[in-house]
Amino acid sequence: NPCFSLSSRVQPDPSGSETCVCLQVEKHLEPFRLSLEKLQDVSARLRKDMLRGLGKHAHHRAAVKMLPTFVRATPDGTEKGDFLALDLGGTNFRVLHVRVLEEEQRVLKMDSQICAIPQEIMLGTGEKLFDHIAACLAEFLDSQKLRGQTLPLGFTFSFPCEQKEIDKSILIRWTKGFNCSGVEGEDVVRLLKEAIHRRGDYDIGSVAMVNDTVGTMMSCGYRDQSCEIGMIIGTGTNACYMEEMKNVKRVEGEDGRMCINTEWGGFGDDGSLKDILTEFDEEVDKTSINPGVHTFEKMISGMYLGEIVRLVLLKLTEEKLLFKGCPSEALLTPGSFETKFISEIEDGLENAKKILTKLALDWDLVDACVARLVCDTVSSRSARLCAAALATIANRIRTNRGLDHLKTTVGVDGTVYRKHPNFSDELQAAVRLLAPKCDVSFLISEDGSGKGAAMVTAVAQRLALQSRLLEDSDGEDEEEEEEEEKANI
Ligand code: BGC
């Protein structure tokens, strides 16, 4: 193993004695290593924060927002019809035409189109953003010959929103590099509809707003009805799950369940994770476009992992533990170490060598091994923190239902989870330790943000239809009762 040579590199330390490089490297990596006890402690803190977020009044101050989604049921297999779906919140914006087939219990993506969102739109005015979305949708309707049909639309908008109804959703704040003016605090459905009306050349049917976690849960729910958790580990991170209505104090009603969008990315925004933040996390936060918010997300998700690794490599270079003490221009440039490099480097030493060369670093074998160790340490922490959060949710569902043992499925998506060579194994192993009374299965979502959004819209339509039928039959019952009363008189 060439990495054995790591322990053979020695360096003088200030006291004059020689110290093995790996010990000095380890000193910098140690704060990333979270013991099982620490993870249990993190999980216990999240449990408390989730309770605060669910509270009727306490939620105003809660770091973990626990947002009601107005999704009250997972699919039952009777949903059907044609839908449009919009997906905004990852790296691209997509428009889709989706068909839900009842007989075959299948969701078909008929067609889809990707539209780039240029940086100037991501950071421009809200009006420009929604005009851009409406224009992409118009182009798609034309290409699919769908103009003229007013199809229901599922809008996957993957940012924290205070949802008032399934079709009324106020953006709390932008995340993941978006920062369009005039949208925070506004109803996103209204902004979309206004942009469509400004054009005046097509219309859409009813709209259902969906967070990507919810779409992910729903798209898996069609295949596996025990799927009651949705999780994303991609550009951002978040999870949703089915909570008992009686615990959702902000929404009227005690019966049944509602899907809660936890927005766990905000965990730690009140300082509760201070003890586990490293100097590198603090730097990433400080230089982000939203300092002080989404603390947990910044330790975990794809938008930030590469930058954390870059900062660690830079520190080790400054300490002359790497690259003969010479950083390259690339290593000095924020954002230059892409998160996908982490997966590639961990996948094999040859990849590590190629990437270090690409970054114009003067590396030797020991450097390549250390770089791999850094990547592994940062991605492991991410997987284990996600596991702690997911275990909190699974444990909560189990105690909510008074069960000794819970069997449940998590619908999951996101580039970090999908593409990293051992992220999913590490996450699952840690969940088993942190939620020993839960048997958690993982189902990779097939296009949750597209098909799932259609599914949410379809379920909302089914429930609306059912409640209309119920009202009608209530009406009939009332009429019958009145007739009976009259007859008695
Ligand atoms: C957003 C969430 C979203 C997650 C994953 C976060 O930045 O706040 O709403 O679900 O990213 O896309």
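Side-chain atoms are counted along with the backbone in the values below, which use heavy atoms only and exclude waters and symmetry mates. Predicted model, so just to flag it, every value in this text is computed and none were measured.
With respect to the salt-bridge test (charged N to carboxylate O, under 4.0 angstrom), the residues K451 and D413 do not qualify. Looking at D142 and R147, a side-chain N of the basic residue comes within less than 4.0 Å of a carboxylate O on the acidic one, giving a salt bridge. Between K193 and D167 no salt bridge is recorded (no basic side-chain N to carboxylate O distance below 4.0 Å). A salt bridge links E194 with R190; the closest basic N to acidic carboxylate O contact falls under 4.0 Å. Classification of E338 and K358 as a salt-bridged pair fails, no side-chain N sitting under 4.0 Å from a carboxylate O. The residues K128 and E120 are annotated as not salt-bridged, no charged nitrogen and carboxylate oxygen being separated by less than 4.0 angstrom.
Side chains of L137 and L153 form a contact here, defined as non-hydrogen atoms less than 4.5 Å apart. Within the 4.5 Å cutoff, side-chain heavy atoms of L141 are placed close to those of L84. You'll find the side chain of M122 reaches within 4.5 Å of the side chain of Q119, heavy atoms only. Within the 4.5 Å cutoff, no side-chain heavy atoms of F337 are placed close to those of L311. Annotation: side chain of E263 is in contact with side chain of N211 (closest heavy-atom distance under 4.5 Å). Considering only heavy atoms from C-beta on, E244 comes within 4.5 Å of R257 through its side chain. The closest side-chain heavy-atom distance from K298 to F296 is not below 4.5 Å. Looking at P334 and T287, their side chains never come closer than 4.5 Å, going by heavy atoms from C-beta outward.
Between the side chain of E297 and the main chain of T237, a donor-acceptor pair closer than 3.5 Å is present. The backbone N or O of S272 sits less than 3.5 Å from a side-chain atom of R45, completing a donor-acceptor pair. Side-chain atoms of S449 never come within 3.5 Å of backbone atoms of T156 as a donor-acceptor pair (strictly under, hydrogens ignored). Checking side-chain atoms of S382 against main-chain N and O of I300 turns up a donor-acceptor pair under 3.5 Å. Between the N261 side chain and the C240 main chain, no donor and acceptor come within less than 3.5 Å of each other. The backbone N or O of P68 sits nowhere less than 3.5 Å from a side-chain atom of Q163 that would complete a donor-acceptor pair. Under a 3.5 Å cut-off, the side chain of T262 and the backbone N or O of A239 do form a donor-acceptor pair. Counting only distance, with no hydrogens or angles, the side chain of D82 and the backbone of R99 share no donor-acceptor pair below 3.5 Å. In this structure a side-chain-to-backbone donor-acceptor pair under 3.5 Å is present from H59 to K56. Judged purely by atom type and a 3.5 angstrom limit, T399 uses its side chain to pair as donor or acceptor with the backbone of N395.
Between F159 and W174, the angle of the ring planes goes over 60°, which puts this pair in the perpendicular group of the 30/60° scheme.
Looking at every heavy atom in both residues, C220 comes nearest to G411 through SG-CA, 3.5 Å. Across every non-hydrogen atom of A391 and A435, the tightest pair is CB-CB, 3.9 Å. The minimum heavy-atom distance between S301 and T235, with the atom names listed, is OG-O, 2.7 Å. For the pair P118 and H132, the tightest heavy-atom approach, listed with the atom from each and the gap, is CD-NE2, 4.1 Å. Of all heavy-atom pairs between G335 and R310, the closest is N-NE, 4.0 Å. In terms of heavy atoms, L123 sits closest to G177 at CD2-O, 3.6 Å.
One finds the CG atom of L434 at 8.0 Å from the OG1 atom of T392 (value rounded to the nearest 0.5 Å). To the nearest 0.5 Å, atom CD1 of residue I276 and atom CE of residue M299 are 4.0 Å apart. Rounding to the nearest 0.5 Å places CZ of F157 at 5.0 Å from CG of L171. One distance of note links CG of D187 with NZ of K168; it measures 6.0 Å at 0.5 Å rounding. The CZ atom of R173 sits 4.5 Å away from the NE2 atom of H294 when rounded to the nearest 0.5 Å. Between atom OH of residue Y304 and atom NZ of residue K176 there is a gap of 9.0 Å, rounded to the nearest 0.5 Å.
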Handout entry: Verdict with reasoning, Y241 to T408, per side chain to side chain contact (heavy atoms under 4.5 Å, CB included)
Key = CA-CA 11 Å; Y241 72 103; T408 192; over 6 Å; no
Exercise for the section: Given side chain to side chain contact (heavy atoms under 4.5 Å, CB included), test V100 with F83 step by step and report yes or no. Expected result: CA-CA 8 Å; V100 180; F83 302 88; 3.8 Å; yes
Exercise for the section: Could you walk me through whether F267 and V42 pass the side chain to side chain contact (heavy atoms under 4.5 Å, CB included) test, one step at a time? Expected result: CA-CA 10 Å; F267 181 29; V42 167; 3.7 Å; yes
Exercise for the section: Please report the C-alpha distance between L34 and R381 in whole Å, then the side-chain angles of each, then the deciding distance to 0.1 Å, and finally whether the side chain to side chain contact (heavy atoms under 4.5 Å, CB included) criterion is met. Expected result: CA-CA 7 Å; L34 303 174; R381 181 187 65 158; 3.9 Å; yes
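A side chain to side chain donor-acceptor pair (under 3.5 Å) with S158 holds for exactly one of D212, D87, T175; it is D212. The salt bridge (Lys or Arg N to Asp or Glu O under 4.0 Å) test with E228 is passed by exactly one of K407, R401, R396: R401.
For the residue pair T409 and D224, a side-chain donor N or O sits within less than 3.5 Å of a side-chain acceptor on the partner. Side-chain polar atoms of E346 and S379 form a donor-acceptor pair below 3.5 angstrom.
Atom CZ of R47 is surrounded by 12 or fewer heavy atoms from other residues, nucleotides or ligands within 6.0 Å. Surrounding CG of D201 are more than 12 heavy atoms belonging to other residues, nucleotides or ligands, all under 6.0 Å away. The neighbour count for R61 CZ, taken as heavy atoms of other residues, nucleotides or ligands under 6.0 Å away, does not exceed 12.
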